[in-house]
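Some notes on the structure that comes next.
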2 protein chains.
Amino acid sequence: MTTAEAIEQTLARRGYRLTGPRRALLEVMSGLGDHFAADDVVNAAPAVGRATVFRTLKLLQDLDVVCQVVLEDGATAYRLAPDEHHHHLLCVECSEMRDFSSDDLEAVIAEVARRTGFTVEAHRFEVYGRCPACQARTS
Amino acid sequence: MTTAEAIEQTLARRGYRLTGPRRALLEVMSGLGDHFAADDVVNAAPAVGRATVFRTLKLLQDLDVVCQVVLEDGATAYRLAPDEHHHHLLCVECSEMRDFSSDDLEAVIAEVARRTGFTVEAHRFEVYGRCPACQARTS
DNA sequence: GGCTAACTGAGCCACTGTCTCAGTTGCAAC
DNA sequence: GTTGCAACTGAGACAGTGGCTCAGTTAGCC
Ligand SMILES: [Mn+2]
Ligand SMILES: [Mn+2]
Ligand SMILES: [Zn+2]
Ligand SMILES: [Zn+2]
């Protein structure tokens with residue numbers, strides 16, 4: 001089963017309609033590499049309206065199927081995501097993006113909550129650097 | 001010495017000119033509470049051009065005097081910052097913002113670097129939750 | 001096959017930030 | 001104190017991202 005097909009099942013299971021534009025967008029996103037801008041999707045799916053692209057991106061985020069990544073310069077990228085909680089490690093040179101998770105990080109958050117009395121509802125963690133390949137290339 | 005005055009000295013020390021608009025913006029930002037949108041600054045300093053507000057915000061960020069915070073909904077806030085490295089804890093209800101830092105967090109980053117072979121150059125970490133006061137109010 | 005709520009597309013709007021360029025000004029050198 | 005000039009500024013146009021409205025279409029249940 002392709003990623004797109006898996007997501008189609010998620011949509012159906014959650015009571016959303018499986019429309020032509022949604023299928024087309026899932027197909028397109030699967031082919032766009034590990035992350036993409038909203039505009040990449042718009043350009044790659046000329047038959048689908050721009051509003052529908054943004055609506056679909058937001059829907060897929062709510063379903064935890066797409067995640068939003070804040071790039072180093074503040075721009076936004078989207079990514080077809082594994083549905084487990086994770087964070088992003090980005091190469092500032094080649095833009096490679098890697099998911100990771102860390103129990104220690106979640107422990108840090110628990111500790112911050114304890115120290116401050118806040119109840120934590122969400123967090124965002126992005127790490128920017130250079131991947132091994134880019135380090136080798138311009139050692 | 002006020003915060004604004006301290007920042008003026010930083011500007012001078014770094015070779016930037018101490019202009020009327022810059023003084024006015026520092027004054028205004030000091031009065032805007034713990035964080036503010038770019039547009040708040042624009043409105044609070046009607047005599048200063050919008051382009052200058054954005055230019056000044058960017059300059060102050062480069063000087064590590066202002067930091068940029070990504071809110072839960074993706075919007076951007078600015079904050080007059082302590083110049084040490086820190087992260088943000090935000091109340092999603094009353095918008096209170098608190099700085100914190102954590103050696104354990106920095107250790108997590110070092111561990112991610114070790115595991116992946118990336119050299120880490122920067123990171124971003126925001127925590128969203130509810131502050132003690134807001135918890136009490138709507139227990 | 002019909003019904004209806006869900007969905008879509010076109011186009012316009014809002015917000016945030018950037019750019020250009022002609023005009024101004026801080027400040028250092030005299 | 002005057003002068004020179006690079007640094008800075010403001011107006012206004014422009015760009016990117018995302019949202020909204022509303023009339024028209026369609027998926028999916030009967
Ligand atoms: Mn996490
Ligand atoms: Mn840190
Ligand atoms: Zn790389
Ligand atoms: Zn609060």
Side-chain angles (χ1 to χ4, degrees), chain A residues 4-5 7-29 32 35-63 65-79, chain B residues 4-5 7-29 32 35-63 65-79:
Chain A
E5 284 168 353
I7 298 175
E8 287 176 11
Q9 295 202 354
T10 302
L11 281 171
R13 184 164 20 91
R14 300 276 221 108
Y16 293 96
R17 282 168 35 176
L18 227 51
T19 65
R22 284 181 183 160
R23 285 179 202 271
L25 291 179
L26 290 173
E27 200 57 45
V28 155
M29 289 183 208
L32 278 180
H35 64 286
F36 42 84
D39 212 49
D40 295 334
V41 181
V42 172
N43 291 139
V48 177
R50 229 172 57 94
T52 297
V53 170
F54 282 101
R55 280 189 287 239
T56 303
L57 281 173
K58 174 164 266 187
L59 170 62
L60 296 179
Q61 280 177 67
D62 290 345
L63 297 178
V65 156
V66 156
C67 59
Q68 207 167 2
V69 186
V70 181
L71 304 184
E72 200 180 18
D73 66 359
T76 298
Y78 299 89
R79 178 168 167 82
Chain B
E5 284 166 354
I7 298 175
E8 287 176 12
Q9 295 203 353
T10 301
L11 281 171
R13 183 166 19 91
R14 300 276 221 108
Y16 293 97
R17 284 171 30 178
L18 227 54
T19 66
R22 284 181 183 160
R23 285 177 201 273
L25 291 180
L26 289 174
E27 199 57 46
V28 155
M29 288 182 207
L32 277 180
H35 64 285
F36 43 83
D39 212 49
D40 295 334
V41 181
V42 172
N43 292 139
V48 178
R50 228 171 59 91
T52 298
V53 170
F54 282 100
R55 280 189 286 238
T56 303
L57 281 172
K58 174 165 266 188
L59 171 61
L60 295 179
Q61 281 176 68
D62 290 344
L63 297 179
V65 154
V66 157
C67 58
Q68 207 166 1
V69 186
V70 181
L71 304 185
E72 200 180 19
D73 65 359
T76 297
Y78 298 90
R79 177 168 168 81

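Values reported hereafter were calculated over all heavy atoms of this structure, with side chains retained and with hydrogens, waters and symmetry mates removed. Here is the naming used below: chain letters follow the sequence lines, and residue numbers restart at 1 for every chain. Note that the structure is a prediction, hence the values are computed from the model and not measured.
- Screening A:Val65, A:Leu57, A:Ile7 for a side-chain contact (heavy atoms from CB on, under 4.5 Å) involving A:Met29 leaves a single residue, A:Leu57.
- The shortest distance between the side-chain N/O atoms of B:Thr19 and the OP1/OP2 oxygens of C:dT25 is not below 4.0 Å.
- At D:dT9, none of the side-chain N or O atoms of B:Arg55 fall inside 4.0 Å of OP1 or OP2 (strictly under the cut-off).
- Rounded to whole angstrom, the span from the CZ atom of B:Phe36 across to the P atom of C:dT16 amounts to 14 Å.
- Expressed to the nearest 0.5 Å, how far CD of A:Glu8 lies from CG of A:Leu18 amounts to 5.0 Å.
- If you take CG of B:Asp73 and P of C:dA14, they are 19 Å apart, rounded to a whole angstrom.
- For residues 40-48 of chain B, proximity to DNA chain D is found at B:Ala47, B:Val48, defined as any non-hydrogen atom under 4.0 angstrom from a strand atom.
- If you measure from atom CZ of B:Arg17 to atom P of C:dT24, you get 14 Å, rounded to the nearest angstrom.
- The CZ-C1' distance, from A:Arg23 to C:dC7, rounds to 14 Å in whole Å.
- Ranked by how close their nearest DNA chain D nucleotide is to the 5' end, A:Leu18 and B:Thr52 are led by B:Thr52.
- The side chain of B:Phe54 approaches C:dG17 more closely than any other nucleotide in the set C:dG17, D:dT26, C:dT8.
- One finds no side-chain N or O of A:Arg50 lying less than 4.0 angstrom from the OP1 or OP2 phosphate oxygen of C:dG11.
- The side-chain heavy atoms of B:Val41 and B:Thr56, taken from C-beta on, include no pair separated by under 4.5 Å.
- In this entry the distance linking NZ of B:Lys58 with C1' of C:dT16 reads 12 Å, nearest Å.
- A:Leu63 contributes atom CG, which lies 13.0 Å from atom NZ of A:Lys58 (distance to the nearest 0.5 angstrom).
- Comparing atom distances between the A:Pro21 side chain and each of D:dG18, C:dT8, D:dG10 picks out C:dT8 as nearest.
- As a whole-Å value, the separation of A:Gln61 CD from D:dT17 P is 15 Å.
- Distance A:Glu8 CD to D:dG28 C1': 15 Å, rounded to the nearest Å.
- Residues A:Val69 and A:His35 have side chains not in contact (no heavy-atom distance under 4.5 Å, counting atoms from C-beta outward).
- Going from atom CG of A:Leu25 over to atom CG of A:Leu32 covers 10.0 Å, rounded to the nearest 0.5 Å.
- Proximity of a side-chain donor or acceptor of B:Asn43 to a complementary backbone N or O of B:Asp40 within less than 3.5 Å is not detected.
- Residue A:Tyr78 places at least one side-chain N or O closer than 4.0 Å to OP1 or OP2 of D:dG18.
- Between B:Leu57 and B:Tyr16, the one whose closest nucleotide on DNA chain C sits nearer the 5' end is B:Leu57.
- Using a 4.0 Å heavy-atom criterion, one finds that B:Ala51 contacts the bases of the nucleic acid, with or without backbone contacts as well.
- A 4.5 Å side-chain heavy-atom check between A:Val28 and A:Val48 finds every atom pair outside the cut-off.
- In this structure, the CZ atom of B:Arg14 is 20 Å from the C1' atom of C:dC27, given to the nearest Å.
- When the nucleotides C:dC7, C:dG17, D:dG18 are ranked by their closest atom to the side chain of B:Gln68, C:dG17 comes out on top.
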